[in-house]
Each structure stands twice: as C-alpha cells, then as structure tokens.
Amino acid sequence: MKKQLSIFFASLAVIFLSACGQGDVLRVDDVVINLSPVDGNPSSGYMTIHGGPDDVSLVSVIADDVMRMEMHETVEKDGMAQMQSLKEVPVPAGEKVKFEPGGKHLMIWGVGGGSIHRGSLRMIFIFSNDDRIQVDGVIKQIGGAKPEKADADADASDTAEDSTS
Ligand SMILES: [Cu+2]
C-alpha cells in the first residue's frame, strides 16, 4: 500500500512538472496605434507578443476597419533608416517579441473614422499555428502637430483635446 502511494505521488509530481513547462501562453498586449497627424499618411502600430509553449510565427495582422495593414521593420543601411516589409515574424516559445519605434512596426493605412472616434481598433493577429488572437488596439492621436493643416484652416480645436498624450 505504501509503495503504491509513493508511485502515485511520483506520477503526480511529473504531471505538475510538465504543466509548469507549458505555463507560457501565446498572447499579444500593449497594442498601440499612433495615428498619423497627416491625412493619407500611414499610421504606425506597436505591441508586445509573448511566445507560447511552441515556436510560432506571426503571419498576418488584419482589421476590418482599415484599408491596408503591413508588417515592417526599420533597418539601417549605410547610415540611412529604411523600411522593409516582413512576410512573417518568428515568435520563439516563451520569448517576448516587441514591435516598437525604430524596429518592427505595423504600417496602417486608412484607419476608419468610427475606430478613431472610439479610440480603439479591433485587430486580429494570425499565427502560423492557426491561433487567431483578437485585441483592441488603443488609438493615440499625436498631440499638436498637424503640419499640412496648420495654416490652411483654424481647426486647432480638435488637436488641442489630445495634446496631453
Ligand atoms: Cu513602415
């Protein structure tokens, strides 16, 4: 009887250990879209991806309320910053992958007025293992600068309300 019990506990320990190794959950957070202050220019998107139990790749990011969205990376070539589009972004198991200014980023054209008004954009991140993660990205309006409109008209009122961000 005693021997059976210790076998029972031994196998229980194994179960706990393996559960421990799978503690990493593939997820996306801190999704922020910096809305371009200039109409027609692309906005940029940033986020943090947390790798799950397996190596995967981010293969696409989509949203109903945009015209176009691409994954880009800013790289330096001969002292000049250049952007190249990325077909997929590896997300190793248990590791963090950041999209941030000066590095990988989302380039977003034509963010819909409804989303801008709500201040959030519903996005779906699609991974190579068929995981689809829906996240509402926070839309931030860049305070102040509206270079093209500044002297064209006097709509400074709608830039003023977001100048704190
Ligand atoms: Cu870009």
Side-chain angles (χ1 to χ4, degrees), residues 24-52 54-153 155-165:
D24 294 313
V25 177
L26 182 63
R27 65 184 204 279
V28 181
D29 57 23
D30 295 332
V31 184
V32 171
I33 293 123
N34 286 339
L35 199 66
S36 169
V38 182
D39 277 350
N41 280 12
S43 303
S44 45
Y46 306 108
M47 69 272 181
T48 302
I49 305 164
H50 301 262
D54 306 304
D55 293 347
V56 296
S57 292
L58 175 65
V59 293
S60 184
V61 185
I62 57 171
D64 281 340
D65 200 21
V66 302
M67 265 165 43
R68 192 152 63 99
M69 184 148 51
E70 292 178 1
M71 299 189 285
H72 282 189
E73 178 156 37
T74 302
V75 289
E76 203 156 295
K77 264 185 190 162
D78 309 321
M80 300 270 286
Q82 293 183 347
M83 287 195 292
Q84 46 189 225
S85 69
L86 300 168
K87 267 191 71 183
E88 57 176 7
V89 175
V91 181
E95 285 187 24
K96 256 191 226 175
V97 176
K98 283 195 167 195
F99 278 52
E100 55 195 348
K104 296 183 183 69
H105 57 275
L106 298 173
M107 200 113 272
I108 308 164
W109 287 264
V111 178
S115 296
I116 294 173
H117 192 73
R118 271 195 313 278
S120 76
L121 176 68
R122 180 148 292 185
M123 304 156 80
I124 298 171
F125 293 79
I126 303 171
F127 293 88
S128 53
N129 62 347
D130 281 340
D131 267 14
R132 287 170 162 248
I133 299 177
Q134 180 178 289
V135 183
D136 289 335
V138 176
I139 297 178
K140 289 193 175 170
Q141 308 216 20
I142 301 162
K146 271 200 172 182
E148 286 191 343
K149 280 186 171 179
D151 33 50
D153 56 38
D155 72 351
S157 56
D158 62 12
T159 56
E161 66 188 12
D162 251 294
S163 58
T164 47
S165 60

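Atoms within each ligand, like the ligands themselves, are counted from 1 in listed order.
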Short check: any N/O/S atom of S44 below 2.8 Å from the Cu ion (ligand 1)? no

Residue from M83, E100, E73, M71 passing side-chain contact (heavy atoms from CB on, under 4.5 Å) with H105: M83

Restricting to N/O/S atoms, is T74 within less than 2.8 Å of the Cu ion (ligand 1) or not? no

For H105, what is the atom name of its N, O or S atom nearest to the Cu ion (ligand 1)? NE2

Taking the side chain as every heavy atom from C-beta outward, state whether T48 and H50 have any pair of such atoms under 4.5 Å apart. yes

Test side-chain contact (heavy atoms from CB on, under 4.5 Å), reference Y46, set L106, N34, V31, output is N34

Checking distances from the Cu ion (ligand 1), one finds that the N, O or S atom of H72 closest to it is ND1

Can you tell me which residue among N129, V89, D131 is in a side-chain contact (heavy atoms from CB on, under 4.5 Å) with V56? N129

